[in-house]
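Following: one structure in structure tokens, then a few remarks.
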Amino acid sequence: DSTVHVYAAASLTDAMNDLVKTYEAAHPSVDIVPVYASSSTVARQIANGAPADIYFSANEQWMDWLGKQGVTLTERRDLLKNHLVVIAQKGSQIQSFIPDKDHRLDNYLGRNERVAVGDPDHVPAGIYAKQALTSLDQWQALEPRLARASDVRAAMALVERGEAPLGIVYATDAKASDRVKTLGAFPDGSHPPITYPIAEIGSPDSTTEAFYQWLQGQDAAQVFADYGFGPAKLKQ
Amino acid sequence: MLTPLEWEALQLSLKVAGVAVGASLVPGIALAWVLARHTFPGKSLLDGLIHLPLVLPPVVVGYLLLLAFGRQGVIGQWLARFDIGLPFTWQGAALAGGVMAFPLMVRAIRLSLEAVDVRLEAAARTLGATRARVFVTITLPLALPGVLTGMMLSFARALSEFGATMTFASNIPGETRTLPLALYSVIQSPGREAAAARLCLISIAVAMLSLLVSEWLARRSRRRMEGRDV
Amino acid sequence: MLTPLEWEALQLSLKVAGVAVGASLVPGIALAWVLARHTFPGKSLLDGLIHLPLVLPPVVVGYLLLLAFGRQGVIGQWLARFDIGLPFTWQGAALAGGVMAFPLMVRAIRLSLEAVDVRLEAAARTLGATRARVFVTITLPLALPGVLTGMMLSFARALSEFGATMTFASNIPGETRTLPLALYSVIQSPGREAAAARLCLISIAVAMLSLLVSEWLARRSRRRMEGRDV
Amino acid sequence: MFELDVTRVQGEFTLEVDLRLASRGVTALFGPSGSGKTTLLRLIAGLDRPDRGRIALEGYVLCDTATCRFVPVHRRRLGIVFQEARLFPHYSVRGNLCYGMRDEDPAAVARISGLLGIDHLLTRMPNTLSGGEARRVAIGRALLSSPRLLLLDEPLTGLDGARKQELLEYLAALVRDIDIPVIFVSHDPQELLAVADDLVLLEKGQVLAHGALNEVLARPELMSRLGGFDISAMLAARCHRHDVRRQLSELRLSDGQMLELPTLDIEPGQWLKIQVRARDVAIALEPVSGTSIRNTLKATITACQPLDDMASVTLVMLDAGQQTLRALISTASCEALGLAPGMTVQALIRAVSLARPAAAPALADQEVP
Amino acid sequence: MFELDVTRVQGEFTLEVDLRLASRGVTALFGPSGSGKTTLLRLIAGLDRPDRGRIALEGYVLCDTATCRFVPVHRRRLGIVFQEARLFPHYSVRGNLCYGMRDEDPAAVARISGLLGIDHLLTRMPNTLSGGEARRVAIGRALLSSPRLLLLDEPLTGLDGARKQELLEYLAALVRDIDIPVIFVSHDPQELLAVADDLVLLEKGQVLAHGALNEVLARPELMSRLGGFDISAMLAARCHRHDVRRQLSELRLSDGQMLELPTLDIEPGQWLKIQVRARDVAIALEPVSGTSIRNTLKATITACQPLDDMASVTLVMLDAGQQTLRALISTASCEALGLAPGMTVQALIRAVSLARPAAAPALADQEVP
Ligand SMILES: Nc1ncnc2c1ncn2[C@@H]1O[C@H](COP(=O)(O)OP(=O)(O)OP(=O)(O)O)[C@@H](O)[C@H]1O
Ligand SMILES: Nc1ncnc2c1ncn2[C@@H]1O[C@H](COP(=O)(O)OP(=O)(O)OP(=O)(O)O)[C@@H](O)[C@H]1O
Ligand code: MOO
Ligand SMILES: [Mg+2]
Ligand SMILES: [Mg+2]
């Protein structure tokens with residue numbers, strides 16, 4: 001009986017849970033333990049000796065940071081890719097649009113209304129949103145009108161609850177909720193690619209290695225795709 | 001000494017926590033008194049309700065606040081008529097802090113009220129004092145250590161409130177970005193440990209100060225009564 | 001009635017919060033007593049230190065715990081010699097919960113200890129009781145309402161602890177995924193509101209139960225002393 | 001009229017009282033420890049509710065279980081001195097004194113605190129007071145609340161003799177001046193004799209006797225319950241004249257017989273009651289001379305009765321005019337003198353035994369028999 | 001020997017005491033309210049520390065500021081009855097009684113609680129007790145802790161006469177039996193006379209007088225401070241015989257004169273002290289007969305002195321054999337009889353004035369003058 005601890009970014013929760021279930025069904029002797037928290041928390045924990053076998057981050061920064069802490073990252077890969085989209089509540093009157101230089105988000109906001117985002121100071125999705133808005137020349141106008149949430153899901157909850165007419169979240173999140181609709185995705189060039197790097201911690205045993213390889217395989221890719229993730233271009 | 005951002009967060013924190021404590025003091029004392037001195041059907045329920053924020057993860061409390069005070073919440077819609085919107089405002093942050101801190105305040109005050117010698121209250125009533133006068137002149141002053149402790153605890157708790165504030169009031173610089181929110185932001189960014197430590201120290205300093213003030217006040221009120229204590 | 005995951009989280013929560021309260025009871029009482037009855041240099045510092053977890057955002061506390069008890073932490077390295085590692089274990093979750101709940105416990109007990117009539121203690125001493133015996137037979141029983149309140153508050157607080165636990169002990173299913181962490185995980189998935197509500201209700205039920213038990217015990221201990229109370 | 005008809009059960013103890021008290025003067029509540037005195041006061045004060053019954057002061061119903069009426073404590077306007085001092089620890093002595101005052105009245109505070117000897121304590125906090133000082137503050141606080149009824153539960157315990165005497169006199173004067181009823185609990189027969197007009201004797205929650213102090217004290221079957229040796233009689237007498245040179249006052253009883261005693265501070269012509277303790281009365285068959293015993297009253301023996309609890313002492317009941325007098329003598333003397341009911345004898349009463357300290361007021365100067 | 005040499009300042013009050021007390025018997029602490037009695041007891045108990053001074057019991061130093069020695073309260077083994085009852089509210093009466101006992105001793109508990117009349121309360125909680133009941137429990141608790149020294153701060157307040165008498169007798173017997181020193185604070189001269197051997201008179205924190213009870217009571221300059229009227233003398237006498245038929249006991253004074261009083265419960269041949277109150281002693285120039293006054297002692301006048309605070313009453317100091325006797329008579333009588341120092345007169349003492357309730361123990365039977 002062997003156990004694999006996977007420390008994953010919170011945004012991967014649903015997809016990973018699904019994958020774990022599938023893998024465990026196929027490998028009854030293997031116990032996959034997924035641990036979800038924000039990428040930063042997870043990174044810190046691993047740096048402090050958390051019994052992680054695999055780290056699955058939502059951005060490259062924390063993976064890089066972990067590497068600098070002296071943690072051995074084996075076979076680091078960029079596994080997934082995500083998109084940033086603008087969402088609105090399901091019944092919203094707002095029509096779909098591509099958020100670009102011509103479609104300014106503030107045009108869709110009424111008095112005192114805000115755009116829900118993950119906190120651009122620390123939540124990766126928020127950081128991407130800031131970069132996108134900046135490159136689209138909307139940051140200045142929108143910054144004071146952001147509703148900054150503690151994580152992407154909280155931002156989406158604000159839209160679901162109608163607190164904010166618009167929200168900026170990952171495509172995967174928008175897809176998972178049936179109480180929001182996607183208005184449009186930010187153009188690819190407006191922000192750095194949203195990549196999910198994955199790595200093994202230290203020298204992996206065979207069980208870990210098997211699961212790690214399986215995650216990169218075709219079956220897993222299909223599940224990730226079902227949850228809205230795209231495959232990242234392999235970068236060595 | 002402090003950066004403008006730190007100043008902003010500090011001032012905001014003090015305002016938010018101060019308002020939270022100030023606004024919850026009177027209802028806190030009233031509820032503590034009711035719970036300490038009366039039995040009535042539904043008392044346990046009320047007691048439980050007051051303790052809820054202590055029991056639930058703050059984020060959940062924030063979410064529940066959103067359900068109640070949000071744009072589509074029952075209370076929120078009612079407040080909207082008066083053009084009052086709490087989410088995303090510092091008042092909302094104060095509400096979140098106050099709600100999270102409330103059980104601590106009520107408990108401390110209640111504990112002290114229960115320790116007040118009811119025979120002194122009875123003596124005051126025989127001297128013609130109404131229930132209200134007895135409360136103001138006898139009960140409350142004798143329960144002062146508990147009231148101060150309650151205020152201090154709830155001030156500290158409101159000062160450190162993060163999850164519910166973030167969820168309900170968001171993290172808007174200058175509006176709702178209190179010290180813990182600022183600190184959290186910093187901690188989540190790699191390599192900003194020094195800034196985090198500074199914010200940490202500021203929080204600690206403020207809390208220590210409020211602690212010292214409350215202890216000093218409590219000691220002063222006790223010293224007035226000193227004499228043969230054993 | 002409960003799903004296996006809920007069961008797991010519930011049992012783990014009870015274990016973690018129980019151990020947190022159990023382990024902090026004796027030091028909590030001791031510190032409360034020292035703070036209530038003694039003056040010494042550094043008292044304010046000690047007092048402030050105990051209150052720190054109340055003042056800092058839980059995540060920061062968790063981070064500090066990690067610094068202290070982690071692989072590279074001073075205490076962590078020392079504990080490692082005995083092959084004890086706290087982070088990422090349920091004992092670590094209990095530590096985080098206990099630390100976060102500690103100020104509440106100490107405060108409640110201290111408040112009650114301060115309200116104990118020291119003249120009764122003096123009377124006991126004249127009857128030949130040592131300080132220790134006085135404490136056990138007079139002080140503590142008379143401060144029982146505060147001790148119970150302290151236990152209840154800290155149990156509730158430990159039960160609801162999220163930020164520090166998440167940071168220090170991580171969110172490992174079956175090991176450190178207590179109710180609030182499970183709730184968090186569920187909240188992270190849209191569309192699982194029903195599951196979230198269930199977990200919420202379970203937390204509330206447990207806390208209510210602990211509240212009722214502590215109230216009942218306190219009432220019982222008070223009833224024993226009843227008589228002419230006014 | 002002060003009507004009390006109440007029952008209250010606490011544990012195994014039942015208080016069952018049905019009394020009609022005078023609405024003026026001092027009613028003493030006397031009885032062994034645990035007989036229900038405090039319980040009764042608490043019912044009157046409204047601190048406890050009777051299980052059944054009615055309490056009414058001058059027709060104003062304070063409490064009636066039949067009509068569910070219950071006037072709350074603070075509207076009863078009672079001055080209570082509890083068995084414990086119950087001072088407010090967070091108010092100064094002055095603050096405590098003034099707590100129950102409706103209007104500021106520094107003169108009243110000064111007067112009462114002067115009387116109680118606590119002027120120098122006004123700024124002190126209660127926790128620094130001695131036992132007796134605290135008790136005096138408690139008394140002052142009750143007096144200053146201008147009550148409609150005073151309930152005093154052993155108010156003078158812990159006070160030294162001189163202070164006690166002063167307070168007793170003040171209380172007596174107060175009752176005369178402001179004319180409110182006072183219920184006074186005490187275990188000290190001397191205290192009661194000094195101020196009480198009526199006496200209620202409680203035992204095990206039941207009223208054993210109730211009536212004018214004199215009359216109750218005259219009932220021999222109660223003797224053993226009334227504090228043993230200090231059986232007394234009260235004589236009503238009028239001040240006849242003061243003999244300044246010999247420092248004596250002459251009193252005349254209603255039957256014309258005279259009593260001399262050390263100078264009293266009252267006007268000639270005034271009536272007063274004097275307490276004559278049975279143990280201070282000796283009996284002679286004929287008038288004696290050449291002794292320091294100044295007073296000899298002719299009296300007729302109505303009964304001779306050895307004490308229940310001490311057969312070697314005999315209580316002799318005497319009639320002097322319309323008034324009752326009692327003497328305690330040794331049974332041996334009784335036999336030696338051959339005393340028997342119907343005999344006329346001389347009651348010897350020493351002047352000093354009637355003396356009262358200088359400032360003693362004439363307690364019952366309005367009572368003309 | 002119990003050495004006390006302490007100073008303590010509290011606020012404007014300073015206690016300054018330098019005393020050497022007997023290490024057996026009862027020392028009374030007497031003085032007006034606020035004179036420092038409780039303060040002194042607290043210093044002895046170790047509840048307060050003296051600003052300066054030394055306290056030692058039989059050479060065992062309890063406290064010495066010079067050497068910084070301070071034995072903590074619980075190792076002093078004192079039995080204290082405080083001015084307030086201070087019962088532990090969370091223990092039953094039995095729990096309170098047993099708290100200070102080193103070993104379980106149900107017999108002792110039963111004996112003491114029987115004596116105090118609290119057997120029926122053993123399972124009750126303190127908050128349900130009456131004032132007097134609580135006080136008795138407090139006394140019992142102190143007695144049962146087998147103390148080395150008893151400190152009693154007005155222990156008998158709130159008790160009814162009969163109970164008080166019983167307790168006084170018990171205390172007297174206790175002191176005789178177990179032979180520990182007792183310091184007894186009381187405002188009641190009667191109580192002190194009943195049990196005290198020595199008297200310390202405190203005023204404003206200073207010792208005004210200290211010595212054997214007799215001697216202090218004999219100092220006329222202290223009279224006004226000692227409770228006014230109850231000036232007494234203690235006579236040492238030996239029980240000569242009991243006259244069963246006449247229900248009298250005959251006592252013989254050291255000079256051979258006889259006293260008769262209602263039957264005493266002691267063995268012939270035993271010595272005892274009897275209290276003779278000055279107000280119970282009359283004076284005659286010649287022996288009188290035909291009266292109920294049974295005792296006539298020949299005595300010589302040593303002084304005649306009007307009282308400071310009441311000139312109409314004169315205190316006559318008498319010598320009867322080697323013993324001192326005192327009489328209070330009206331100044332008028334003194335003049336009428338022409339009393340003057342040196343005269344030999346008859347002191348008239350009524351038998352009943354010497355009577356003691358049935359169970360009275362012979363207080364000082366070991367004291368042979
Ligand atoms: N809650 C109670 N349960 C049982 N018995 C009680 C309760 N409260 C009072 N008693 C009893 O009622 C009786 C009357 O008490 P109360 O205080 O009236 O006596 P008291 O006459 O004032 O006595 P004291 O002179 O000692 O103060 C006492 O025997 C007491 O033990
Ligand atoms: N902390 C204090 N500050 C100022 N004065 C004090 C303090 N404590 C006691 N005193 C004073 O010391 C004096 C002596 O008090 P103590 O209690 O010894 O008197 P006491 O002789 O026992 O009187 P009582 O018979 O009334 O009990 C009192 O006048 C009291 O007011
Ligand atoms: O690191 Mo996350 O996926 O923003 O919670
Ligand atoms: Mg009573
Ligand atoms: Mg005293």
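None of the values given here were measured: they were computed from a predicted structure. The chains referred to below are lettered A, B, ... by the order of the sequence lines, with proteins before strands, and numbering in each begins at 1.
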Without swapping roles, check the side chain of [X] against the backbone of [Y] for a donor-acceptor pair under 3.5 Å.
X	Y	result
R246(D)	E335(E)	no
S292(D)	I283(E)	yes
R163(D)	P32(E)	no

TODO: Can you tell which part of L348(D) gets under 4.5 Å to a heavy atom of chain E, answering side chain, backbone, both or neither?
DONE: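 Only the side chain of L348(D) comes within 4.5 Å of chain E.
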Task: Portion of A336(D) that has a non-hydrogen atom of chain E nearer than 4.5 angstrom - done: side chain
Could you report the tightest heavy-atom contact between [X] and [Y], atom names first, then the distance?
X	Y	answer
G31(E)	D160(D)	O-CB, 4.5 Å
S330(E)	L248(D)	CB-CD2, 4.3 Å
G290(E)	L337(D)	C-CD2, 3.7 Å

Taking side chain as C-beta onward, heavy atoms only, is [X] less than 4.5 Å from [Y]?
X	Y	value
I293(D)	T291(E)	no
P262(D)	V313(E)	yes
R350(E)	I329(D)	yes

TODO: Apply side chain to side chain contact (heavy atoms under 4.5 Å, CB included) to the pair S312(E) and T263(D), showing each step before the final yes or no.
DONE: CA-CA 7 Å; S312(E) 58; T263(D) 320; 4.1 Å; yes
Open item on the list: For the interface with chain E, which of T314(D), L121(D), T157(D), D280(D) has the highest count of heavy-atom pairs at distances below 4.5 Å?
Closed with: D280(D)
Open item on the list: If we define contacts as heavy-atom pairs under 4.5 Å, which of G11(D), G131(D), G117(D), C334(D) has the most with chain E?
Closed with: G131(D)
Task: Region of V281(E) that comes under 4.5 Å of a non-hydrogen atom in chain D - done: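 Just the backbone, heavy atoms under 4.5 Å.
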TODO: Applying side chain to side chain contact (heavy atoms under 4.5 Å, CB included), run through D188(E) and D188(D) and close with a yes or a no.
DONE: CA-CA 10 Å; D188(E) 183 350; D188(D) 183 349; 5.9 Å; no
Under 4.5 Å, counting heavy-atom pairs only, tell me which of [options] racks up the most with chain D.
options	result
S289(E), S130(E), A282(E)	A282(E)
S333(E), G132(E), S186(E)	S333(E)
R294(E), E260(E), E154(E), Q83(E)	R294(E)

- [ ] Report yes or no: do R136(D) and S33(E) form a side-chain donor-acceptor pair below 3.5 Å?
- [x]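 Indeed, the side chains of R136(D) and S33(E) share at least one donor-acceptor pair under 3.5 Å.
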